[in-house]
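One structure is given below, encoded as structure tokens.
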Amino acid sequence: MRRFTWLVNLTLALTLMVIALGAYTRLTDAGLGCPDWPGCYGRLTPPVKDVHIEAAQARFPDAQIDPFKARNEMMHRYIAGLLGLCVLAVFILAQRLRRARGLSAALLALVMFQAALGMWTVTMNLMPVVVVAHLFGGFALLSMLVLLRVELGRDPADPVEPRLTRLLPLAWLGLAVLLAQIALGGWTSANYAAAVCYQLPFCEGGWHAQFSLRAAFSLPLGHETYEYGVLPYEARMSIHVLHRMGALVVTAVLAGLVLLCMRRAMSARLRGLAASVGVLLVLQVTLGLINVVGQVPLFNAVAHNVTAACLLAALVLLVRQLHVQSGQVLHARGRARPGAAYGVAVQGPMKLR
């Protein structure tokens with residue numbers, strides 16, 4: 001179990017690294033740094049030396065070879081490949097130890113689908129729908145690994161607080177709006193709309209006259225490449241404004257959830273998770289504002305992506321803990337005592353209604 005836990009920790013670190021490298025690759029316009037897959041111009045290493053660049057140019061005469069972009073893309077693929085091997089090892093050990101079999105199988109299936117999405121991202125020339133799906137897959141992988149790590153750790157009994165059941169609808173709403181905002185963020189980035197508006201709170205004057213929901217979610221098909229975007233200014237501006245509006249909604253919902261958890265929860269664990277969500281939310285909003293004021297500085301934009309992934313994982317853990325401490329609707333007559341499903345001791349006779 002110690003080795004298994006160590007392996008899960010390593011896989012978690014690699015997942016964060018892959019998310020950061022994926023954002024860096026996308027933001028440096030290196031998504032098509034290698035026009036083929038899984039290699040790069042027919043090689044397993046990016047063309048850096050002159051002789052390799054000449055050979056790659058002869059093999060792909062229409063390509064504009066950029067060693068910097070090719071190196072970024074291949075570094076992302078190398079680390080993602082190592083991550084895939086670690087997830088496979090997690091699956092094998094989980095089956096042998098008979099721990100978290102279902103979750104480890106889901107992780108393996110997801111990482112295989114992620115590999116397919118990575119291939120389609122290149123072969124479909126950065127089609128935004130595929131890029132957003134690839135981003136979602138990475139975030140989901142991190143959240144599932146965090147859940148696995150928590151399941152493997154020692155889980156001391158927490159007091160059952162039935163009144164926390166009232167917070168579950170708000171928690172699930174927070175998770176839903178955060179997922180929608182992540183999708184909007186990916187859609188903004190995939191359509192190269194992050195640098196369209198530089199004024200607060202939404203965009204430059206007169207933006208509402210050109211705002212169009214239909215334009216924001218329309219994507220012309222049949223383009224040879226989607227690199228640098230294919231949508232007109234009207235559509236990109238609408239996407240960008242929607243992302244900012246979504247940020248206001250997410251901030252309001254999650255801030256309310258955090259405050260209510262801090263006010264009503266008795267256990268230190270739940271309060272700590274709520275505080276973590278609050279801190280990550282403040283950090284994410286700050287990074288978003290810096291993106292606007294600083295015109296999307298590279299490393300700040302990468303941090304914005306990584307923080308979003310961490311915020312999602314922290315919120316998933318908060319929802320899980322709310323379910324644990326609320327007793328997960330243990331209202332059946334005489335079938336279960338509050339907390340029995342989670343190893344919480346309940347003293348005194350059980351009164352049936």
Side-chain angles (χ1 to χ4, degrees), residues 7-34 38 40 46 66 68-87 90 107 110-111 113-115 117-119 121-122 126 130-149 178-179 181-190 192 194-195 243 276-277 279-291 294-317:
L7 178 61
V8 172
N9 291 338
L10 174 63
T11 309
L12 261 172
L14 284 174
T15 303
L16 275 174
M17 188 180 300
V18 169
I19 290 173
L21 283 173
Y24 182 76
T25 301
R26 184 172 64 256
L27 291 164
T28 55
D29 300 322
L32 294 180
C34 299
C40 189
D66 188 329
F68 171 76
K69 293 183 178 181
R71 185 164 49 241
N72 289 351
E73 172 65 8
M74 287 308 293
M75 181 59 67
H76 181 219
R77 294 186 193 180
Y78 293 150
I79 304 299
L82 181 59
L83 171 61
L85 292 176
C86 286
V87 171
V90 166
L107 281 167
L110 178 58
V111 82
F113 186 54
Q114 272 291 89
L117 288 171
M119 176 186 67
T121 298
V122 175
L126 303 181
V130 178
V131 173
V132 173
H134 197 41
L135 174 72
F136 247 105
F139 282 25
L141 189 64
L142 179 68
S143 297
M144 291 170 66
L145 280 166
V146 168
L147 280 176
L148 176 60
R149 180 63 185 85
L178 180 58
L179 288 172
Q181 177 66 357
I182 290 171
L184 277 173
W187 192 245
T188 302
S189 180
Y192 295 84
H243 187 50
S276 298
V277 170
V279 170
L280 287 169
L281 178 64
V282 171
L283 177 60
Q284 183 71 347
V285 172
T286 303
L287 292 171
L289 290 173
I290 294 174
N291 273 344
Q295 300 185 1
V296 196
L298 177 59
F299 288 102
N300 187 84
V302 172
H304 194 53
N305 278 260
V306 174
T307 305
C310 294
L311 178 59
L312 176 61
L315 184 57
V316 167
L317 289 182

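Side chains are part of it too, since the values below use all heavy atoms of this structure and drop only hydrogens, waters and symmetry mates.
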Which heavy atom of Gly33 sits nearest to which heavy atom of Cys40, and what is that distance? O-SG, 4.4 Å

Selection residues 139-148 - residue pairs positive for side chain to side chain donor-acceptor pair (under 3.5 Å), sequence neighbours left out: none

Is there any side chain to side chain donor-acceptor pair (under 3.5 Å) pair reaching into residues 10-26, and which pairs are they, with sequence neighbours excluded? Arg26-Ser189, Arg26-Asn305

All side-chain hydrogen bond (donor to acceptor under 3.5 Å, both in side chains) counterparts of Asn291, not counting sequence neighbours: Asn300

Kindly write out the residues that satisfy disulfide bond (SG atoms under 2.5 Å apart) with Cys310, not counting sequence neighbours, or none if the list is empty. none

Quick one: list whatever passes side-chain hydrogen bond (donor to acceptor under 3.5 Å, both in side chains) with His76, sequence neighbours left out. none

How would you list, by chain and number, every residue that makes a side chain to side chain contact (heavy atoms under 4.5 Å, CB included) with Thr286, sequence neighbours excluded? Val282, Ile290

Under the side-chain hydrogen bond (donor to acceptor under 3.5 Å, both in side chains) test, residues paired with Arg77 that sit two or more places apart: Glu73

With Asn9, which residues qualify under side-chain hydrogen bond (donor to acceptor under 3.5 Å, both in side chains), at least two apart? Arg149

By side chain to side chain contact (heavy atoms under 4.5 Å, CB included) - contacts of Val132 (at least two apart): Phe136, Trp187, Ala190

Working for side chain to side chain contact (heavy atoms under 4.5 Å, CB included), residues Asp29 and Tyr192: CA-CA 10 Å; Asp29 300 322; Tyr192 295 84; 3.4 Å; yes

Mind checking side chain to side chain contact (heavy atoms under 4.5 Å, CB included) for Ala140 and listing every partner two or more places apart, or none if nothing turns up? Leu110

Test of understanding: with side chain to side chain contact (heavy atoms under 4.5 Å, CB included), list the residues that count as partners of Ala115, not counting sequence neighbours. none

Spatial distance of atom OG1 (Thr121) from atom CD (Gln114) [nearest 0.5 Å]: 8.5 Å

